[in-house]
Amino acid sequence: LLDGTEKLITEHKEISVYINENKSWIFTSSLFTDGVQVGLSEDYKTISVYIEKPENRLSEQILRNLLRTVFECIMALKSRISLHSACVDVNGEAIAFTGVSGMGKSTRANAWVLSDDTEFISGDRPALHLSKDGVAAYGVPWDGKEQIFRNVKRPLKAILDVRRSDSDYLRKLSTEQAQSLLMKQIFIPMWDTNVAVMAIMNIRKL
């Protein structure tokens, strides 16, 4: 896919994003040069994959990460959001634990799973779909270290911002606080202005 005519736009969390003469996006790993590339057409309708060594497990993991980024870009155009969170199913409703890395999202979610009639939906980046009926959380095929791949859909009940404290308590965030939090925890493809605007509109709807 890369032929020397493309321009490097950004490096986003170990992924390099290029644009070529046809205005197509090309995604590669910033850490490895093992011949794995994913292309996305200008209209976001066609995905191309190049993988030099498909039998290589490292190549497979890199391909999964690149495809996740590409699908998260496409999701922004379809009223869908990729939320950095650990998401659980409690009595048929989704609860998402979000917050900065290392704060204890997965630990808190796992405590619920171990102590109640609760199952994981996703351990890292569930997809949220905004519709006239509300918001639904979905399992995805690109989970983090938990490697939870559940093909389920549950109505979203709440998003909890996990923080450390000497005591356990809940407080409701203001609209402004919630929007500020979500801007940090939701995937926004800043290299594509039009799609970034759509992602931010989705955050405001959420």
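For the pair Thr98 and Leu160, the minimum side-chain heavy-atom distance is 4.5 Å or more. When side chains are defined from C-beta on, Tyr18 does not count as touching Phe27, because their heavy atoms never get closer than 4.5 Å. The closest side-chain heavy-atom distance from Leu66 to Gln37 is not below 4.5 Å.
Asn22 and Ser24 share no donor-acceptor pair across their side chains, judged by distance under 3.5 Å alone. A side-chain donor-acceptor contact under 3.5 Å links Ser16 and Ser30.
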For a quick test of your reading: what N or O donor-acceptor pairs under 3.5 Å do the side chains of residues 69-80 make, sequence neighbours left out?
{"from": "Thr69", "atom 1": "OG1", "to": "Asn65", "atom 2": "O", "distance (Å)": "3.2"}
{"from": "Glu72", "atom 1": "OE2", "to": "Ser82", "atom 2": "OG", "distance (Å)": "2.5"}
{"from": "Glu72", "atom 1": "OE2", "to": "Arg125", "atom 2": "NE", "distance (Å)": "2.8"}
{"from": "Glu72", "atom 1": "OE2", "to": "Arg125", "atom 2": "NH2", "distance (Å)": "3.3"}
{"from": "Arg80", "atom 1": "NH1", "to": "Lys78", "atom 2": "O", "distance (Å)": "2.8"}

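For His12 and Phe187, the distance between ring centers is under 6.0 angstrom. Here Trp142 and Phe149 keep their ring centres 6.0 angstrom or further from each other.
Interatomic distance, CG of Leu182 versus OG of Ser85, reported as 10.0 Å (0.5 Å rounding). Once rounded to the nearest 0.5 Å, the distance linking OG of Ser29 with CD1 of Ile62 reads 4.5 Å.
The 12-atom threshold is not exceeded at CG of Asp117, counting heavy atoms of other residues, nucleotides or ligands nearer than 6.0 Å.
With sequence neighbours excluded, no residue satisfies side chain to side chain contact (heavy atoms under 4.5 Å, CB included) with Asp166.
Residues Ile81 and Met201 are members of separate hydrophobic clusters, defined by side-chain heavy-atom contacts under 4.5 angstrom among Ile, Leu, Val, Met, Phe, Trp and Tyr.
Looking at Ile26, Ile9, Asp192 one by one, the single match for side-chain contact (heavy atoms from CB on, under 4.5 Å) with Ile19 turns out to be Ile9.
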